[in-house]
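Notes follow once the structure below has been shown.
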Amino acid sequence: MTKRTMALVAALCLVFIDIARADNVKIGFINSMTGSEAPVGENLTNGVTLALEDLAKAGIKVDLVKEDDTGKPQVSMSAMEKLATRDKVAGVVGPYTAACGNAIARVAEKYKVPLVVPVAAKDEITQQGLKWVFRPGAISYDYAEIVIEMATALDKPKTMAIINENTDFGISVARGAKAVAAKKGIQIVFEEAYYKGSPDYRATLSKIKATNPDLVFMVSYVADAILLMRQSREVGLRPKAFLGAGAGFSVAQFAQEQAISNYVFSSTQWTQDAKWPGAKDFGKRYEAKFGKQPTYHAAAAYEAMMIMAETAVKAGGDREKLREALRAGKWNGIWGEVKFADYDNFTNQNKHQMLVEQIQNGRHETVYPPQQAAKKPIYPFPGWK
Amino acid sequence: MGSRLSNIILLLTLAALFFFPRFVESPYAFHIMILLFLSTIVGTSWNIIGGYTGQYSIGHAAYFGTGAYVTMVLMKDKQIPPWLGVWAGVALVIIIALVIGSICFRLRGPYFVLASIAVAEIMRLSAMNLKELTNGAEGILATELPAFRIGGRVITDFVSKTPFYYISLVLAVVTIVVAFLVLHSKLGYCFQAIREDQDAAHALGINPTFYKNAALVISAIFTGIAGGFYAIYVGFVDPATVMSLDISVQIVLVCIIGGIGTIYGPLIGSILIVPITEALRSNLIAEAIFKTGMVSQESHFGSFLKENLAHAHALIYGILVVLVILFMPEGVVGFQRKLWSKWNKGLG
Amino acid sequence: MPSGMTVFFQAVLSGVLIGGIYALIGIGMSIIFGVMRIINFAHGDILMLGMYLSYYLFALAGIDPFVSVLIIIPIMFAFGALLQKVFINRMLDALPQNQLLLTIGLGLIMSNAMMLAFTSDYKILTTSYSSASVTLAGISISEPLAISFLITAGITALLYWFLTRTDTGQAIRATAQDAQAAQLMGINVKRMGMIAFGIGGALAATAGALISPTYYIYPQVGSAFTLKAFVITVMGGMGSVVGATIGGIIIGVTESVSSVCISSGWKDVVVFAVFLLVLLFKPAGLMGKSRM
C-alpha cells in the first residue's frame with residue numbers, strides 16, 4: 001500500500017474514534033443554514049461571525065463547531081447529540097426554529113450540555129423545568145402581545161383574523177394572539193393554519209376578506225410572508241392593519257418587496273433603534289459588512305454567543321460550572337439586560353422587551369413602544385396602490 | 001458459493017455483530033449500525049410484496065408511519081411502554097394493509113404503483129390535519145422511555161444506544177429469517193407465481209387476491225414494527241419524517257440497488273447506502289478528506305465540499321439507482337451471482 | 001349569502017386559471033405516456049428546471065418569465081429528447097416498474113444536482129405584475145395567472161394543430177395508437193419517442209416558467225407537481241391531450257373549491273381521493289382509450 005492510501009485508511013479509522021483535543025474551549029452552533037429557513041438562519045450565522053470578531057478582540061478564544069439542521073427537528077437532535085458526544089463541546093448556541101429548539105432542549109438536558117437558545121419562540125422550551133436550557137429571547141406570547149397592544153394603543157379594533165403556519169412557531173404564537181385578543185376584547189372572526197409549502201392562499205385570504213376584519217394577524221417564515229402579502233394585494237384584502245409576528249416579516253428580503261410590504265407591522269425582539277448599549281453600532285456594522293439590515297435574529301445570536309463564549313472560557317470549558325455561571329450571571333449588551341430567571345412556570349427564561357417595527361419605504365423602522373421608537377407608526381393601512 | 005462456506009460466513013458475521021458493542025464505544029458507530037438494521041428490516045419486508053410478488057408499492061411509508069405514530073401516541077398520552085404499544089401499531093397496520101390492498105390490488109402494474117402513492121399521501125395528509133390524534137405538523141416529541149423491567153429488575157434504561165442496537169439487530173435477523181421461510185414455503189411459491197404471470201397463476205388455482213393481500217400484510221407488519229422502533233429511537237415523529245413519499249422511495253431504492261427478490265438484496269443495498277449517506281450527512285467523509293491533507297479546508301474546493309457534501313447523499317442515491325437499473329437490473333446481488341456463475345462456468 | 005357566493009366564484013376562477021397550468025403539465029406527461037407507455041416520475045423535476053431557468057434569465061438578463069418561455073421551449077425540448085436518447089431508450093423493453101424507477105432516479109439526480117448548485121433556499125421571482133390583479137364584479141383576477149392561462153391556451157391550441165395537421169404530429173399519434181403497426185408503416189418509432197419526450201419536457205418546463213412569478217422556487221418543488229400530473233393524466237385518460245386539458249382544469253377547480261369549502265389542509269386529500277376513484281372506476285379516464 002502506498003503512503004497515501006495508508007493515510008486515507010488511517011484517517012477513515014480515526015473518523016470513528018474520538019480524539020480528545022486539549023485546545024481552546026469548543027462551542028457548538030446549530031442553525032438552519034440551508035433549507036427553507038436559510039434566509040433567516042443567515043442572520044444568526046452572521047451575528048455569530050460578528051460575535052467571534054469581538055471575542056477575538058477581547059482575547060477570548062473559542063473554537064466554533066457549526067452544524068446545519070436544515071430546519072428539521074430530527075436533524076437538529078442528531079446534531080446536538082454529535083456536538084455533545086463526539087465534539088465534546090462545552091456548550092451550544094442555537095438552533096433557530098421553534099420546532100428544532102423544542103426538539104433539542106431535551107437532548108441538551110439528557111447529555112447535560114448548557115444550551116443557549118437565541119430566539120426560538122415556542123413557550124414550552126423553557127416551561128419544562130429544564131436546568132440546562134437557557135433562553136435570552138422572548139416567548140411566543142410576547143410576540144403576539146406587543147403588536148396587538150400597539151394596535152389597541154392606536155385605535156379600538158374590534159375584530160381580528162388570524163392566519164398562521166402550522167409549525168410549532170406559528171401555532172404557539174397564534175395561541176398567544178387569541179389569548180391577548182380575549183384580554184383586550186377583540187373578537188376573532190377567522191382563524192386558519194396553513195401548511196408550509198402550499199403557496200396558494202387566495203381562497204383563505206378571500207374568506208378573510210369576506211369577514212372584513214379590522215386586523216389581520218399573520219405568522220409566517222419568509223417565503224410565505226411574501227406570498228401572503230402578494231395574494232392579499234391581489235385579492236384586495238384591506239384591513240386597518242397587517243400585523244406580522246416577526247420571523248418572515250422581519251427579513252430585509254421581505255421589506256424590499258415594497259409593492260406588498262409597505263405599512264406591514266411586525267413584532268420584533270430587536271431593532272437598531274433600541275436604546276440598548278451598542279445596538280445602533282451593531283446595526284451599522286452588520287449593514288456595512290453584509291449589505292443588508294440585520295434582523296433581530298442576528299442580534300440575538302450575537303449576544304447569545306458573547307454570553308456563552310465569555311462564560312464558557314471563564315468556566316474553563318467545564319459544563320457544570322458553565323451552567324451555574326449562566327444561571328447566576330447578568331449581562332447588558334445590545335440585547336438589553338439579560339438575566340436568566342425562573343418566573344411563572346418558566347425556567348432560565350430572560351424577560352425580554354419586545355418592539356414593533358413597520359416597513360416604511362422598503363425599510364424596517366421602529367415604531368413602538370414610543371420610548372424606543374424612531375418613527376411614528378402609519379395607521380390605518382392606506383390601501384393598495 | 002458452497003452452502004457450508006456461506007453458512008459459516010453467516011455465523012461469523014452474526015457473532016461479530018453481537019460482540020460489536022464490546023469493542024466499539026462511539027455512539028456514532030452505533031447510530032449507523034442501527035440505521036443499517038432499520039433499513040434492512042424495511043427493505044426485506046418490502047421485498048416480500050415487491051420483489052417476490054411483483055407488486056411495487058411506493059407507499060410503504062403508510063405502514064412505517066402508522067407504526068411510528070401509534071407507538072409514540074400510546075407512550076406519550078397513555079404511558080403504555082413501547083414494547084407493548086408497538087403491537088397496537090401492528091394491529092392497526094394490518095387493518096390498513098387490508099384496506100389498502102382491497103383498493104389497490106384491483107389495479108395492475110404502474111397503476112398499482114400510482115394508487116399506492118396516492119393512498120400513502122392521503123394518510124400523510126390526514127396525519128397532518130387530524131391534530132387531536134397526531135398533533136398535526138408539529139409532531140410528537142417524546143425522549144424519555146420507561147425503563148424495561150423483568151420481574152422487579154431493570155434491564156435497561158434506554159439511556160445509551162446499546163439496547164437500541166441489540167433490538168434492531170434482533171429485528172433485522174428475525175425479518176430476514178421470516179423472509180427466508182416465506183420464500184421457501186407454499187406462500188412464497190404462490191407469490192412468485194403471481195409475479196411471473198398473475199392470470200396463469202389464477203388459472204392454476206392460486207387466488208391472487210388472497211395471496212397478494214397476505215404478502216402485503218406480512219410486509220406491512222414488519223414495516224410497522226420498524227416504524228415503531230424508529231419513533232422511540234429518534235424520539236420525534238411528524239408526518240414529514242415518518243410518512244413522506246421520500247421514505248417510500250428510499251425503501252424501494254435500497255431493494256433495487258441490492259437486488260430485488262433476493263433475501264440478502266436489501267441487506268446489501270443497506271450496507272452500500274446507509275453508512276455512506278450517514279457519513280456524508282454528518283460530515284465524517286468531509287472531515288476524513290481534510291485529515292488526509294489531500295484537500296485543505298480553507299481552499300475553494302475544500303469549502304465547497306464542506307458546505308455541500310452533506311447534502312449529496314440523495315444525489316448519490318439517484319445516480320446509484322440509475323446505474324443499477326440500466327446496467328444491473330437485478331441489483332448488486334443479482335450481478336454478483338451472474339459473475340459467480342460466469343466464473344464457475346469458466347472454471348468447469 | 002352574496003359574500004359567500006363571491007368567495008366561491010373567486011375560488012372557481014382561481015382554480016380555472018391555475019388549472020390551465022396544471023393542464024400543461026398533464027399534457028406533457030400524457031404525451032410521453034401515450035407514445036412510450038412510460039410514467040415519467042421526473043416530470044415535476046423538469047418543471048423545476050424550467051422554473052430555475054426562468055428565474056436566472058430574469059435575474060441575470062432581465063427577461064420577463066413569460067417572454068423567457070420562447071427560450072425555454074427549445075432548450076428543454078432538447079433536454080427531454082436527450083434524456084430519452086441516453087437513458088429511457090435503453091429501457092424500452094424493461095418492466096414498466098423498472099422504467100418508473102429509472103425516472104425516479106433521474107428525478108432525484110435533477111433535484112439534488114440543483115440543490116448542490118443553487119442551495120435549497122427558496123427563491124422568489126418578483127415582477128412588476130406579480131401581485132397585480134383586475135377586479136371584475138367583485139372577483140379579483142390575478143394578472144400573472146390570467147396571462148399564464150392565455151399562453152397555455154395558445155400553446156395547447158398549437159400543439160393540437162401540430163398533432164392533427166402535421167405529418168410528424170400524425171406519426172406521433174400513430175405511434176401512440178399502435179407502435180408496432182406504426183413501425184410497419186415506416187415510422188421511426190425511436191425518433192417519435194425522442195420527440196414525445198422532448199415535447200413533454202418542453203411543456204413541463206414551460207409550466208414552470210409560467211408559474212414562477214407566483215410561486216416559490218426550490219429544488220424539491222417538483223414532486224408535488226409530479227403527483228398532480230399523475231392525477232390529471234389518469235383523469236383525462238393516459239395519452240389524451242384533450243383529456244389532460246380538461247383534467248387539469250377539473251383538478252385546479254377541485255383544489256381551489258375544497259380549499260374554500262373545507263380547508264387548505266384537506267384540499268390535496270380531496271384531489272387524491274378523486275384520483276383513486278377514477279383509477280378504480282374509470283381507469284381509462286374521462287376520455288376513454290388512448291386518443292390524442
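Naming: A, B, ... by sequence-line order, numbering from 1 per chain. Values reported hereafter were calculated over all heavy atoms of this structure, with side chains retained and with hydrogens, waters and symmetry mates removed.
Applying the side chain to side chain contact (heavy atoms under 4.5 Å, CB included) rule to Leu315(B) yields the partners Ile319(B), Ile109(C), Asn112(C), Ala113(C), Leu116(C); only residues at least two apart in sequence or on another chain are considered.
When all heavy atoms of Val234(B) and Met77(A) are compared, the closest pair comes out as O-CE, 3.0 Å. In plain terms, the two heavy atoms of Asn102(A) and Leu141(B) that are nearest each other are O-CD2, 3.3 Å. Among all heavy-atom pairs drawn from Thr167(A) and Glu138(B), the shortest one is C-CG, 4.0 Å.
Here the SG-CZ distance, from Cys100(A) to Phe236(B), works out to 8.0 Å after rounding to the nearest 0.5 Å. In this structure, the separation between CD1 on Ile171(A) and CG on Asn135(B) is 7.0 Å, given to the nearest 0.5 Å.
Counting only heavy atoms from C-beta outward, the side chains of Lys82(A) and His31(B) never approach each other to under 4.5 Å.
Using a 4.5 Å cut-off between heavy atoms, Ala99(A) does not touch chain B at all. There is no contact between Ala98(A) and chain B, counting heavy-atom distances below 4.5 Å. In this structure, no portion of Ile140(B) lies under 4.5 Å from any heavy atom of chain A.
For residues 126-135 of chain A, an interface with chain B (any heavy-atom pair closer than 4.5 Å) does not exist.
The choice from Glu81(A), Lys72(A), Lys110(A) that makes the most heavy-atom pairs within less than 4.5 Å of chain B is Glu81(A).
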